Undergrad: 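Take a look at this one; I'll ask things after.
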Amino acid sequence: MTAPVTTTQTPTPGPVGEPFEPLILGFTCNWCSYRAADLAGTARTKYPHNVRLIRLMCSGRMEPEFILEGFAKGADAVIMTGCWPEDCHYRIQSVKALRRFLFLRRTLSDLGIEPARLQRFYASAAEGQRFADEIARIVAEVRALGPIQPEIRVALDGHPVAPAPAAEPVEVEA
Amino acid sequence: MASQYMYYPGCSMDGTGKAYHDSIQAVLPELNIGLAELDDWNCCGATEYMGISPLRSQALVGRNLALAEKQKNGTDTLVAPCSACYVNLARTDAYVRESAELAASVNDALGADGMSYTPGSVKVRHLLEIMIDDIGLEEVGNHVTRPLTGLKLAPYMGCLVSRPDYDDRWQHREHPHALDQLLLALGADVVEYSRRTDCCGGHMTQISPETGLELIRRLIVEAERVGAHALVTVCPMCQMNVDFYQREMNHHFRENHHMPILFFTQLMGLAYGMPAKKLGFGREIISARPALSHIGIEAPLTEEEEAQRAAEAKPVRRRRGDPALPTPAPREDEEELR
Amino acid sequence: MIPADSRLEACIQCGTCGGSCPSYADMDHTPRQIFALIRAGARDKVMDSNTPWMCVSCYLCAVRCPQQIHIPDVMYALKAKATQERRVPSHVAPDFSKTFVDYIHKYGRSFEVGLVAKHYLRHYVTRLPGMTTSGIGMVTKGRMGFRPHQIRGVAGLNAILDRASEIEQAKQRGLFEERPQSGGTH
Amino acid sequence: MTAPKIGVYICHCGSNIASMVDVEGVRDWAASELADKGVVVSRDYPFMCSSLGQELIENDIKEYGLERIVVGACSPHMHEKTFREASANAGLNPYLAELVSIREQVSWVHTDKVKATEKAKAIIAGGVYRVHEQVPLEPLIAPVNSATLIVGGGIAGITAALEIADAGYPVHIVEREPSIGGHMAQYDKTFPTLDCAACILTPKMVDAGAHPNITLHTWSEVVDVSGSVGDFKIRVKHKPRMVVEADCTGCGICIEKCPVQVIDTGFEAGIGYRKAIYTPFPQAVPKYPVLTPDDCTYFAKGTCKACEKFCPVDCIDFTQTDEFVELTVGNILLATGFQPFDARRIESFGYGRLPNVFTSMEFERMSNAAGPTGGKIVLRDGVTEPKSVTIIHCVGSRDKNTNEYCSAICCMQSLKFAHLVREHTGADVYECYIDMRTPGKGYDEFYNRILDEGTQFIRGRVAEVTDSLRYPEEEGHEGRLIVQVEDTLAGVKRRIPADMVILSTGLEPQPDATEVARMFGVGCSTNGFIIERHAKLAPVATMTDGVFAAGATLGPRDIPTSVSNGAAAAATILSRIAQGQIAMEPYRATVDAARCSGCRICNDLCPFSAITFDEAAMVTEINPKLCQGCGVCVAACPANAISGSGFSHDQIIAQIDGLLSYPGGGDGRPVEEAVGATA
């Protein structure tokens, strides 16, 4: 039995007084999670717009550099999605992806980046609803985290991606 | 090494469940279990408060959980012997764990008296679960000195232990055999009782007596059908409904059933060789004496039986020529004098 | 805790709940019919039904429901709604709840003698004679105390409950107002 | 480096995309903002996938000399092939065309048109950046071995085997039971025509057994699979029969003489007995019996050997052990079927507790003239005929506590039971159903026939079956069952006395379905059935090239569907065999020997054993025939010596840059103003 849960989608105010909308880079495998995203689409299941997907053949294809490139170029979080370990198209590669994920989370925290900015979930080709739910959950979580620290972005890329003046804290009248 | 638990007795323990209380107090020290009663606990709301206001009901239970969180001393387990209390405590804990929104509201309310509860910090369990999972059937059986062989018992677990089962602890939610196993460990003959988790009528005896009585009747009729000497329960509400309303049920259906209902801890005490009086026998309305006579145990008289005996024993008038002196009348109620 | 959260939309009208219900005989509508009426927006019929009041919270329907609907929670919510609107089909069940709850407010615990006595005096006077033997047995055998126990923190408890009422009122959501059509997040 | 000339094509998909994405806005934006990335032409069109849409692209390739194509439309799983072919038609290498999804990932899942348009732009940019790094590729060509492996000898497998064998190609059927035939062999009648199952199945079994192109491996299991499409290596275990097949005549004397009787939980569904040496049923194919050591007195006590003594041809061999056979096949068909739901899991129906509650499989055997009761319908005592029978639908189906799906066959199966009960016993029959689902050919007519026969239908899911009477007026029904159900149409609760209750149990995947799926490298949904490549357009193919599936291994199926599945799979396999070779996606990992440091980090990563180490040269090698293209080794190589075609490092980095260069979110980042007008 599960208790009924209400989800609230009220955006938390960001540092500049505007609602903060995170930008999230999502990696999917070709066989399960990309098809889950397809199924979410065919079933017209709604989820937040904040995520942008890249298809890999397997979530085990994930290179550390992809994550760092993502953070450098403006992503606030990166998601590695894939097959359930027992359903992996490449037999056991989903487990290898998990191992790499755990290692990368540790590395991120060594770099001073919140580990929650790297997320992983499984979705089979039949789990469009789950895909949407997980995206909504992660967007809410990252929204609460706020944007990635600008220094980190500078450090990763050499220069801030969007040097727009609005990115600087603006005095807002209380 | 004694196991320590926090203990939420529930309102019945002072009243209708006194025999449960007595037998728990007698049996648990034997098994080396210590119970620390939750200080200044309040009523769980039974099945009534949820229908007045769900949130207030959660806050009501939340206060108990908050007290337990504060009081926990080496244990985070809160034991409830009453199934209704157990399910109310478990429900609130489960719901605040799942919904951050509800947790915030409950804590907001608790804040009115400077209290708070961290979801999941207290583990709520029923006394039966403690016996089965923590003590274990083997240990329960190790203490048996007077096996209940020959006593046919119908294990009546009632509805709220294996249901709704917020934490997925019960594989069988309709026909669990946990209580059977425990009674078997005591040496009793356990009958296959198909109404083991049926409803005792709950508050129906209050709000719709005819239905309530019919619900009680089917429990009793089925127990008779499978040849039980007595029903065994883990819940004071079930005990009260079947015991207290059995007479009225007989009256209503113009039948004459006599099916005592006993707490499982009373039977544990008996099997451990403890005196029946100490275990709260005699407090029941439907006397357990005929049942216990099957295994040669003389149970204390019930109120009614005592009155009858007294009436029979009292010499009405002196027979002519009888040299005997009048016998003193038995004490009205030994317990009140102690 | 309110029907909109109880997966009510998923009901397939199979009747497992009604078939399982021990107090079915007293209900004017089966739980299944109540769900259909809620979906049909038949507010009056639902609010005037005695069904929620007859629920004994045995959770048989909840564990058997093939759609895993939180049926007892729906019943609780409907009762609370009716209580709030002072709109009840019969006074027996609501009175019992109220008497029970009043004891909690006053003492922090329930009080069985007072509860049963009060309730039966009010609603089943004719049944009392048949019960006196049992009742007297209860009292003299020490199974029913004559005096209720009052907890120390009764004032604090009432403060908590009052605060809960305020929160609940602030969050009040309608039973029959438009419920979300899908899991939309925008 | 100068940017390649790129064409961008935005599909409206009717209104599917256009209603949520400002397609003209995206088109103009790509033309202006992505011009410096090489976009020379940007167009929109109502249906890019139509022949006119494709022509548009083909003409542009020729006219503008386009070197890359980016199409923003549906999922690549839908139309990637379409646009690649269009490119190829115009002389552009197909792998230089990229399809990005702005339908499944944008217009269908979002509700804010401004945000959706923003996201569509970013996705197009991702595609444009990515194709810069795209290189021409050629599909891999592999020869196809003409032999086929069929796993499972039920009706689906037999059908496919006969089709392929009749076309002249070799087939191996691996069946773990002693005989082929599957569940269909257990049934008495088949709905809706009430044909005798044995009469229509047995001839097919005999054909399969005698066909020169079909090799039966019964009492056998596949234990290992390697290789890939066109060239699979299969290892099959022949379990010991304890009977020398070459000598056995199938006379059955051994069975007759065997003194041991055990409950047959297999073919007889637990309501009949078999010997320790047995054939599951008289028409078994092959005819050779099987001896199960666990039941045999000789194996337990060392004496008996009755079978050996009486065998006229001396073919009993107690010393047999597992034997292994290696097969090479080009295609594989999984037809492993289902197992019936274990009705004990629904406690309220009392199966296993109340003797006169039966499952559908038990009833099938009971009603079968060749079954344990000789076709007599009786209670568990073996003699009493029921006077009243209740059939419960959806047991283990349409129930979130067990299986959420509809088992598809239960309604028709229950109707068939109702007919058989009335025909055999004349008893009253009640059917408790949630919804009556009879969508097949002749199915609803069959429902009408059963209605006419006087079966009583109650719309309501049964709450419980009990032997405990309730009201005083139920007295007189002692010893019977009571079925408690809400009659939802009448709005009343009923307690129906019954002598016999039949649970119409649903279909579940085989208990080892997940392991089988893993062994063959195909996907299983969370409920355990194999996932087809496309539910509508490729219903018998799997995600793995060369592996097909048919029948109830894909989900609940009735016999007609299983047969057509088997035939469809056979046709697909035959077309592969006829081509003689197959083209595969060229996504493979390759090692640049010059950069490989010989660290061997990648050596343990490949589950397909494609990676080997050349001890002499001290470099790693990858066998492109075995490589499946997952890319795990690519990501792991510390020297960047391994590259993965189709999903190279540079391609993905470029796509990341493209996707993130045009953010549309808050966070103070610039929001593209151009879309404002469309809001």
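Letters A, B, ... mirror the listed sequences (proteins, then strands); counts begin at 1. All values reported here derive from a predicted model rather than from experimental measurement.
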Undergrad: With only heavy atoms counted, which part of D:Asp604 is less than 4.5 Å from chain A, the side chain, the backbone, both or neither?
TA: backbone
Undergrad: Is chain A contacted by the side chain of D:Ile531, its backbone, both, or neither, given a heavy-atom distance below 4.5 Å?
TA: side chain
Undergrad: Counting only heavy atoms not in D:Lys81 (residues, nucleotides, ligands), do more than 12 fall under 6.0 Å from its NZ?
TA: no
Undergrad: Under a 4.5 Å heavy-atom cut-off, does chain A meet the side chain of D:Met519, its backbone, both or neither?
TA: backbone
Undergrad: For D:Tyr587, is it the side chain, the backbone, both, or neither that has a heavy atom closer than 4.5 Å to a heavy atom of chain A?
TA: side chain
Undergrad: Salt-bridge test for A:Arg55 and D:Glu80: reply yes if a basic N is under 4.0 Å from a carboxylate O, no otherwise.
TA: yes
Undergrad: Please report the shortest heavy-atom distance between D:Ala636 and D:Leu605, naming the atom on each side.
TA: CB-CD1, 3.4 Å
Undergrad: So which of A:Arg117, A:Arg143, A:Arg153 actually passes side chain to side chain donor-acceptor pair (under 3.5 Å) with A:Asp76?
TA: A:Arg153
Undergrad: Sort A:Thr45 into side chain, backbone, both or neither according to what part of it lies under 4.5 angstrom from a heavy atom of chain D.
TA: backbone
Undergrad: A:Arg44, A:Glu63, A:Met57: which one forms the most heavy-atom pairs within less than 4.5 Å of chain D?
TA: A:Arg44
Undergrad: Heavy-atom distance under 4.5 Å to chain D: side chain of A:Glu65, backbone, both or neither?
TA: both
Undergrad: Mind ranking A:Leu39, A:Ile92, A:Leu53, A:Leu25 by heavy-atom pairs under 4.5 Å with chain D and telling me who comes out on top?
TA: A:Leu53
Undergrad: Quick check for you: among D:Ala535, D:Cys630, D:Gly646, which has the greatest number of heavy-atom pairs under 4.5 Å with chain A?
TA: D:Cys630
Undergrad: Picking from D:Gln105, D:Lys119, D:Glu118, what satisfies side chain to side chain donor-acceptor pair (under 3.5 Å) with D:His110?
TA: D:Lys119
Undergrad: Chain A heavy atoms under 4.5 Å from D:Ala116: which part of the residue, side chain, backbone, both or neither?
TA: neither
Undergrad: Pick whichever of D:Asn527, D:Ile653, D:Val632 has the most heavy-atom pairs under 4.5 Å with chain A.
TA: D:Val632
Undergrad: With a 4.0 Å cut-off on N to O distance, would you call D:Arg84 and D:Glu585 a salt bridge?
TA: yes
Undergrad: Would you call A:Glu134 and A:Arg137 a salt bridge, using N to O less than 4.0 angstrom?
TA: yes
Undergrad: Could you pull out the closest heavy-atom pair between D:Ser101 and A:Tyr34, with the gap in Å?
TA: CB-OH, 3.7 Å
Undergrad: Taking side chain as everything from C-beta outward and backbone as N, CA, C, O, which of these in D:Asn16 sits under 4.5 Å from a heavy atom of chain A? Side chain, backbone, both or neither.
TA: side chain
